[in-house]
*Asks:* 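Once you've had a glance at the structure underneath, I'll fire off some questions.
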Amino acid sequence: MRRRFGTAGLDLLDTDPSESVTLSQAVQSSTEEGARPDLDGEAGVLFGAMTGSVVGLRYYTGVVNKREMVSLVREPHNPYDRNAVMVANVYGNQVGHIKKELAAPMAYIMDNNLAKIEGVVPYGKTNKFSMSVTLFFWGEEENRAAVTTKLNHCGFRFDPVKGFKSAKAPGSSLQEMLSKNLVAAVPLTAEQMKNSFDKMFDDLMADKTREMEAADAVFTPLLPHQKQALYWMAARENNDHLPPFWEQKGDLYVNVLTNFGVKQRPERVLGGILADDMGLGKTLTTIALIMSNFHDGRPLLLDKADQKASSSLLKRRRKDPIKTEKAASPKKARTAEKASSSAGGAVLLEDAGFAAALAGGSAKSKKTKSGADSRISTARATLIICPLSVLSNWLDQFEQHVRFGENLSVYLYYGTERCRDHNFLSRQDVVLTTYNVLSADYGNKESSPLHKVSWLRVVLDEGHVVRNPNAQQTKAVLDLSSERRWILSGTPIQNSLKDLWVLMAFLKLKPFDVKEWWNRVIQRPVTQGDRESLKNLQALIKGITLRRTKTSKVAGKSVVELPQKKMFVQRVTLSEEERQEYDLAKTEGQKVIGRYVTEGTVLTNYADVLAILVRLRQICCHPGLLGSYARVSSGDTSAPSDLQERLISKIRLVLSCGSDEECAICLDSLRQPVITYCAHVFCRPCICEVIRSEQERAKCPLCRAHINTKELVEYPGDKETGTSTSGKEKWRSSSKVDALMGRLLQVHGEDPAVKSLVVSQFTRFLTLLETPLRQHGFTFTRLDGSMNQRSRVKAIAEFQDSSPSSPSIMLLSLTAGGVGLNLTAASRVFMMDPSWNPAAEDQCVDRCHRLGQTRDVIITKFIVKNSVEEDMMRIQLNKKELMEKTFGSKSVQDQRQSRIEEIKTMMAL
DNA sequence: ACCGCCGGGTGCC
DNA sequence: ACCGCCGGGTGCC
């Protein structure tokens, strides 16, 4: 049986390992989301705390310190009492049982998932037979009554808040906890989360500036920031420190967060997270690490000159010179194995550990290594797991960066013909596989070859893909056995703090590899805004992560030198005809909105207001953008009788043209837009969160009308009505189109090799632009949100191609593609219309202003004089300033008010 | 456990 | 003596 919990055998006091494994597994399984939904992932509220007693201490070996956190585990099959609740320390060693009177209501509460109960031992062990424990009850508000009633029925009562002083685990007195709970738990958005993490990494660049040269076998010269990463990674792998939050106190090693202590030194964490931004060369750095830091800082392969020159000195440490394994394809594998087994034992090496490693660790040895010093490693191979899409990239990069002729054996463990002999695998230098293959193998547990090898190093490429703790692939990854572990990821936090748990578990950062401790000590307190815990999290991440963004600076110098980025605003004057049309629409809009303003119903009619603004913005681009339905907008008169229909037409009005409206709750671009019966558009997750937290009392954040989940109408998607726009009608230009064409011709005249991005929020505008582009003989391609994956990839590849026949222009919708989208072929950007969301514009520019860009990037923003566009620009600037100043912490009321002000300004009201 | 509880021994002071 | 009191045995769930 494999030890998931892993450390049971480490406690010296633990006399019967087999028993403790079972125990550990009980702890483990009780914290896993299993058959019943669990609470510990969700924050919940603290119902209260009380003191209980732990009895039966003399029968168990688990020890606890003063203020140590303990876990409570139900034992429904206990032969003496089916209500039994056992108490275990952080390593899962049993300490005792909860006294039976109290165990009765606790069992009821735990079995019905009414609350999550957590224990802290206030005094540690004061006598041989029993001790007190402070119990904290956490749960959903709706279960509070049930919990209190049950406890009262059994004669128990929560301690009064005021008199409560004892049992203070760090940062967790009842008072503190209750007061924290009064602060509403506002979940961070993905963007806020990303920002706070980028900030977290920022201040720790300074001490990570030492460099290390790669081994000679690495052909490609490393850039300075890559040498820094290499130094740091090698140092992490060779470090001899206690893991974060562990301290030596007397003869004990104590975790200062949980106050748990053991005699056994906790295992070192060799590895971490390389979280550099895309394009900084994580792959190359990792290859350099593999080549340069084999055992004890020595390179994996010694080059020929070195071998000769120092052969006598190095005799005992040098690699097998007759090494012939080179199996890049499964077919070669078998022959390679034969060759190596005949040559394998030929060299005598005195350094047992090194020798064993060179020969390749054979079967996974039972984890007997205990002391940090006495371990003898037999591991040789590095296992790299990556998504299928980058598999070939790894092979290419090994090929490209490792000096030609080196006997590096890289085995691609992929395809039905893959060699499943774990002895063979453990003799490789590198084994490359995918998450799919790994978890497929893991499906037949007994026979998963990758799980039989003791790896020197396991690397999770794009490590953020391992996120769901219940997924087979996660279990497969966590169950690998390795000395050193690395996670490569540009975005270690995809959505929330929750995502980090798997990464901590993979790195075996005790005690966070067990979810209960991660939740209790980090996740819940941090999400509830506890500063102390956030500091702890920062310290934890800081210690194990290296992250540089393309804008990171090291000692005042940019990590990556990017070409310049220059932004120009080109003001466009409307033609007389356009101006007339614009002013007409504006007067009409002023009337409508003016009425709303005097009535105080701007927010109630927000969808209409937006539609009017969109209409004005469209006229600025091209009067032909006004689709037939857009003209119906201003009043409410001609709307269809059916409410559903009317709402759909409204939401379509706001979104169909591809405009980038934002959600009033998250202030970010709309995701999964829905419209309420009161005609306001939000992200579905945002508005659902409001409804969930306010229940029946839920009101629309914009107009305070009652809302509920059933009354949300989805945006049915853009049905391109494909009417007037397709070239049939007589082509008519616009001032802005003319301005663009003038620029494009100029650019082309100066240097035909320069490529441009033409960006708009209105996809219909992009379509319109196709006509003049064709007329002037430009070749172009297009990328917008409506395209499927296949055609996207094709469009990007075409555009990035440098051949003369490749398109020189890409029509790009502002929000198309993720952050990863790489359009470095372009060095000119034309922003056809301003967006409400400045971040969206920055992100868009970053698609070409990124690593790999060789030219200066010139951005031209077209802004129509005396129009909403100018107002939008101004508002954007204010917003940016405000965000920087206040961290976006404006109250909802303020936001509403400033929205109204914005609209009034724009409509000159 | 320097307790509580149980049950046997014991019985004026 | 159908009590009180004493002191030894005993002890999680």
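The shown structure was predicted, so the numbers you read here are calculated from the model rather than taken from an experiment. Every chain is numbered from 1 and lettered A, B, ... according to where its sequence line falls, protein lines coming before strand lines.
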*Asks:* Rounded to the Å, how far apart are Y60(A) OH and dG11(C) C1'?
*Replies:* 13 Å

*Asks:* How close or far is atom P of dG11(C) from atom NE2 of H97(A), stated in whole angstroms?
*Replies:* 17 Å

*Asks:* Applying the Watson-Crick and G-U wobble criteria at under 3.5 Å, what pairs with dA1(C)? Answer none if nothing qualifies.
*Replies:*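 Base partner found: none.
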
*Asks:* Given atom CZ of R58(A) and atom P of dA1(B), what is their separation to the nearest angstrom?
*Replies:* 13 Å

*Asks:* Honestly, is K515(A) close enough over W501(A), meaning NZ or CZ under 6.0 Å from the six-membered ring centre and within 45° of the axis?
*Replies:* yes

*Asks:* For V63(A), does its backbone N or O pair with a side-chain atom of N89(A) as donor and acceptor, under 3.5 Å?
*Replies:* yes

*Asks:* For F129(A) and dA1(B), do the ring centres fall under 5.5 Å apart while the planes stay under 30° apart?
*Replies:* yes

*Asks:* Can any side-chain N or O of R74(A) pair as donor or acceptor with the backbone N or O of R82(A) at less than 3.5 Å?
*Replies:* yes

*Asks:* Take atom CD of E101(A) and atom P of dC13(C), then tell me their distance rounded to the nearest Å.
*Replies:*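 Atom CD in E101(A) sits about 7 Å away from atom P in dC13(C).
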
*Asks:* Send over the distance from E75(A) CD to dC13(C) P, rounded to a whole Å.
*Replies:*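 Rounding to the nearest Å, CD of E75(A) and P of dC13(C) are 12 Å apart.
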
*Asks:* In whole Å, measure the gap between the P atoms of dG4(B) and dG9(B) for me.
*Replies:* 26 Å

*Asks:* Under the rule for side chain to side chain donor-acceptor pair (under 3.5 Å), what residues qualify as partners of N239(A), not counting sequence neighbours?
*Replies:* none

*Asks:* Just call it for K128(A): base, sugar-phosphate, or nothing, with non-hydrogen atoms closer than 4.0 Å on any strand.
*Replies:*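 It contacts nothing in the nucleic acid.
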
*Asks:* What is the separation between atom NZ on K99(A) and atom P on dG11(C), rounded to the nearest whole Å?
*Replies:*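 Spelled out: NZ on K99(A) to P on dG11(C) is 15 Å.
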
*Asks:* For the pair R268(A) and D240(A), evaluate salt bridge (Lys or Arg N to Asp or Glu O under 4.0 Å) and give the outcome as yes or no after the intermediate values.
*Replies:* CA-CA 7 Å; R268(A) 298 174 299 171; D240(A) 210 6; 3.2 Å; yes

*Asks:* Could you state the CE-C1' distance from M106(A) to dC12(C), rounded to the nearest angstrom?
*Replies:* 14 Å

*Asks:* Would you call dA1(C) syn or anti, using the 90° rule around 0?
*Replies:*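 You should classify dA1(C) as syn.
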
*Asks:* Would you indicate, yes or no, if dC13(C) has its OP1 or OP2 atom less than 4.0 angstrom from a side-chain nitrogen or oxygen of K100(A)?
*Replies:*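 Affirmative; the distance criterion is met.
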
*Asks:* Do D81(A) side-chain and dC13(C) base share a donor-acceptor contact under 3.5 Å?
*Replies:* no

*Asks:* Between dA1(C) and dC6(C), how far apart are the C1' atoms? Round to whole Å, please.
*Replies:* 15 Å

*Asks:* How close or far is atom C1' of dC12(C) from atom CZ of R82(A), stated in whole angstroms?
*Replies:*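 Between C1' of dC12(C) and CZ of R82(A): 17 Å.
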
*Asks:* Indicate, with a heavy-atom threshold strictly under 4.0 Å, whether I98(A) touches base, sugar-phosphate, or nothing.
*Replies:*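 It contacts sugar-phosphate atoms only.
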
*Asks:* At less than 3.5 Å, do the side-chain atoms of Y59(A) and the base atoms of dC13(C) form a donor-acceptor pair?
*Replies:* no

